[in-house]
Each structure stands twice: as structure tokens, then as C-alpha cells.
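Report on the following structure.
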Amino acid sequence: MRINDILTEKEKQGWLGKAWNTVLHGKEDPLIPWIKDNIRSKGTQWIYRNVDKQFPKRYVRSDVKSAIAQVLGTGA
């Protein structure tokens, strides 16, 4: 069984699936589409400054940094 199958099973969506979605900003996370829409036109510094306006007190700087890396494909 593949890891993706384990994480997406309805009855198995326990702590492992929630942790996976938290660490890798899963499909339900609204931060990734928001960054995709704004990264090319406004830049990373704008995103860092405005993430608290869009999502009040939900993300810390390291979450935003990993989401930006995921969107840009750097993997850092």
C-alpha cells in the first residue's frame, strides 16, 4: 500500500493524515492557492507582510516560508 493511499483513506484519516497535511500544507490548506495567486505578481516580501491580514494569526513565518518553497518548487 502506498503512503498516499494510507493518508487519503476515509477511515484512516487520523493523526497521521492530519500531521501530513499540516507539515506539507495539504489540499484543504488555503495558504497554498493564495500564495500561487500572488507570488509572481507581488513577490515574497509582500506575502510575508500580508499573510496576517488575509489569515489572522493562523500561520507563523516558518509555515509561510515552507509554503513558498513548495509553490516555487525549491523544496527548502
Side-chain angles (χ1 to χ4, degrees):
M1 193 175 236
R2 294 182 179 174
I3 186 82
N4 199 18
D5 296 337
I6 293 171
L7 295 173
T8 56
E9 284 184 23
K10 296 283 184 192
E11 61 273 359
K12 296 288 184 182
Q13 187 63 27
W15 66 271
L16 182 61
K18 290 177 185 174
W20 186 265
N21 285 340
T22 301
V23 171
L24 292 179
H25 302 289
K27 296 174 186 169
E28 298 85 26
D29 192 7
L31 182 63
I32 297 293
W34 183 74
I35 289 178
K36 282 182 183 177
D37 291 341
N38 295 309
I39 190 78
R40 303 288 181 204
S41 63
K42 298 180 180 170
T44 57
Q45 292 305 312
W46 183 89
I47 288 174
Y48 283 124
R49 284 192 307 266
N50 291 299
V51 72
D52 284 335
K53 294 175 187 172
Q54 184 69 26
F55 308 104
K57 303 296 179 192
R58 183 166 178 191
Y59 298 105
V60 294
R61 189 169 180 91
S62 61
D63 290 338
V64 177
K65 182 178 180 180
S66 66
I68 288 172
Q70 185 178 350
V71 168
L72 294 178
T74 58

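All of these numbers come straight from a predicted model, not from anything done at the bench.
For the atom pair CG (L31) and CZ (F55), the distance works out to 5.5 Å, reported to the nearest 0.5 Å. From L72, atom CG reaches atom NZ of K36 across 11.0 Å, with rounding to the nearest 0.5 Å. Put simply, CD1 on I68 and CD1 on I32 are 9.5 Å apart, with the number rounded to the nearest 0.5 Å.
For the pair K65/V60, no side-chain contact is recorded, criterion being any heavy-atom separation below 4.5 Å from C-beta on.
Looking at V71, I39, I47 one by one, the single match for side chain to side chain contact (heavy atoms under 4.5 Å, CB included) with W34 turns out to be I47.
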